[in-house]
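Below is one structure; the comments refer to it alone.
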Number of protein chains: 2
Amino acid sequence: MPVTVLLVDDEPLVRAGLRAVLEAQPDIEVVGEAADGAAVIPLVRQLRPDVVAMDVRMPLLDGIEATRAVLRTVDEPPKILVVTTFENDEYVYEALRAGADGFLLKRARPAEIVHAVRLVAEGESLLFPASVRQLAAQYGEDGGNRAARALLERARLTEREAEVLRLVARGLSNAEIAARLVVGTETVKSHVSAVLAKLGARDRTQAVITAYESGFVAPG
Amino acid sequence: MPVTVLLVDDEPLVRAGLRAVLEAQPDIEVVGEAADGAAVIPLVRQLRPDVVAMDVRMPLLDGIEATRAVLRTVDEPPKILVVTTFENDEYVYEALRAGADGFLLKRARPAEIVHAVRLVAEGESLLFPASVRQLAAQYGEDGGNRAARALLERARLTEREAEVLRLVARGLSNAEIAARLVVGTETVKSHVSAVLAKLGARDRTQAVITAYESGFVAPG
DNA sequence: GATCGTCTCCCCCGTGCGGGGGAGGCTCGT
DNA sequence: ACGAGCCTCCCCCGCACGGGGGAGACGATC
């Protein structure tokens, strides 16, 4: 059975574009569209899509609130793929924190869009690292530090949070990090939580993956 | 205050070599030597070293048993650095499982040995990834797959365990891995535990780090 | 036939982790 | 003087995680 998708975006053009891209795939089926967040819940209940491709900025009910609403009111909720116009959209992190499963740039190439839908449908929530990876690629061969800086800008990690992420990515526990930084474990927990939210990671394991994939820490 | 080290090896030559290398450092002090595992516990109690550099294969009491004994009988036990002659030593994994904090190849360059001692003294248990990294480097430019295979051989991961590690390194939870592999979560837990033990990792985060550092999974 | 390794699943149990809040102090910019 | 952002620490809470055991089924090997 194909992956069913519900499109939610206030711009008809974007919906048409997504539909064209996705319907070109034999294993993906667009089962519905909505123009704003308020229409999402009844449609989800009725259509039971596997994935909801949801714009962040919308009239009436934005993508963040809509995401929260869907996850709270629907049992066996669909995977939620947050769609955004440009990378520096801090609403995305709010949406990911609200429980969205991934995010996607509108300017992404068709193949990437299709890939993203398939991934979230499979239950992967690793879209963020993938996007960061492509971001790192933008910075070319010397990717390392610039990509790391880009991650910092993108995710808006504070200095302290970046420091904590570095230690997390070296395998230290919260207690060990606390000892190293000479602060309380509760403080470290706060920083780690902030990092997870900003990276769209579910746990420290995913944060470490993002750190490696983005070049924020370098292997070897 | 300097890092104090106790050397445990049945070969006087090796002890002399380690001593020469370590004593060349102003911040490292060799406070004692032992020729077999049986002599370790009283010496540890008496000298209270920060680090014990312990050979694996020794007469009377081998490094594994000695490690276990020290950790069980001494409070505030020293960090234990397992020393081995060649990489394919399965006793090393036993030792790491017994609670050793890191391992070290005898053929390592002096700078690496010094580095290893400092690291474990600081409370890092990441020596394994570092060593794997140098292993990966041995395999040259095409490191990737061969390094991964080397990790498999080295750690003696079974196929299933390798499969589980790959999924862990993609950020999946035990429940998600179970769903993906169509087995019970308890089964996944068993595999994950086996992987952690074999890699000398404390938790899945450290396992992911090892996976990246070894080239078992490739970033980008 | 017996043994070994692997894969599968089960139990109990402690705790580290992460989410949800809140709150005080600090610096900086307006 | 005020707010914004950051760092610090605190509470409660649920759960996934990981350690420690054990056990049955299967195939390969001897």
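Letters A, B, ... mirror the listed sequences (proteins, then strands); counts begin at 1.
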If the condition is side-chain contact (heavy atoms from CB on, under 4.5 Å), which residues does [X] pass it with, not counting sequence neighbours?
{"X": "Ser190(B)", "value": "none"}
{"X": "Ser173(A)", "value": "Ala175(A), Glu176(A), Arg202(B)"}
{"X": "Leu196(A)", "value": "Val192(A), Ala201(A), Ala207(A)"}
{"X": "Gln46(B)", "value": "Leu43(B)"}

Donor-acceptor contact below 3.5 Å, side chain [X] vs main chain [Y]:
{"X": "Asp50(A)", "Y": "Thr4(A)", "answer": "yes"}
{"X": "Glu161(A)", "Y": "Val195(A)", "answer": "no"}
{"X": "Asn174(A)", "Y": "Ile177(A)", "answer": "no"}

With B for base contact, S for sugar-phosphate-only contact and - for none (protein heavy atoms under 4.0 Å), nucleotides 21-30 of chain C reads ----------
Rounded to whole Å, how long is the line connecting atom [atom1] of [X] with atom [atom2] of [N]?
{"X": "Gln206(A)", "N": "dC17(D)", "atom1": "CD", "atom2": "P", "result": "11 Å"}
{"X": "Arg160(A)", "N": "dT8(D)", "atom1": "CZ", "atom2": "C1'", "result": "9 Å"}
{"X": "Glu176(B)", "N": "dA16(D)", "atom1": "CD", "atom2": "P", "result": "11 Å"}
{"X": "Ile177(B)", "N": "dA16(D)", "atom1": "CD1", "atom2": "P", "result": "14 Å"}
{"X": "Glu159(A)", "N": "dC6(D)", "atom1": "CD", "atom2": "C1'", "result": "11 Å"}

Nucleotides 25-29 of chain D: which of its N/O atoms have a protein N/O under 3.5 Å away?
none

Which residues satisfy the side-chain hydrogen bond (donor to acceptor under 3.5 Å, both in side chains) test with Thr187(B), sequence neighbours excluded?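 Here no residue qualifies.
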Taking the side chain as every heavy atom from C-beta outward, state whether Asp55(A) and Val82(A) have any atom pair closer than 4.5 Å.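 Heavy-atom side-chain distance check fails, nothing below 4.5 Å.
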Please enumerate all protein N or O atoms sitting under 3.5 Å from an N or O of nucleotides 18-20 of chain D, with distances to 0.1 Å.
from    : atom 1 : to        : atom 2 : distance (Å)
dG18(D) : OP1    : Arg204(B) : N      : 2.6
dG18(D) : OP2    : Arg204(B) : NH1    : 2.8
dG18(D) : N7     : Lys189(B) : NZ     : 3.2
dG18(D) : O6     : Lys189(B) : NZ     : 2.7

With sequence neighbours left out, write down each residue that passes salt bridge (charged side-chain N to carboxylate O under 4.0 Å, His left out) with Glu163(A), or none if nothing qualifies.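 With sequence neighbours excluded, Glu163(A) shows a salt bridge (charged side-chain N to carboxylate O under 4.0 Å, His left out) to Arg160(A), given in chain and number order.
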Of the listed nucleotides dC17(C), dC9(C), dC17(D), the one nearest the side chain of Ser173(B):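 Closest nucleotide to the Ser173(B) side chain: dC17(D).
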For the residue pair Leu47(B) and Val31(B), what are the closest heavy atoms and their distance?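 Scanning both residues completely, I find the closest heavy atoms to be CD1-O, 3.7 Å.
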Within the pair Thr158(A) and dC7(D), is there a side-chain N or O less than 4.0 Å away from OP1 or OP2?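 Looking at the OP1 and OP2 atoms of dC7(D), one of them is under 4.0 Å from a side-chain N or O of Thr158(A).
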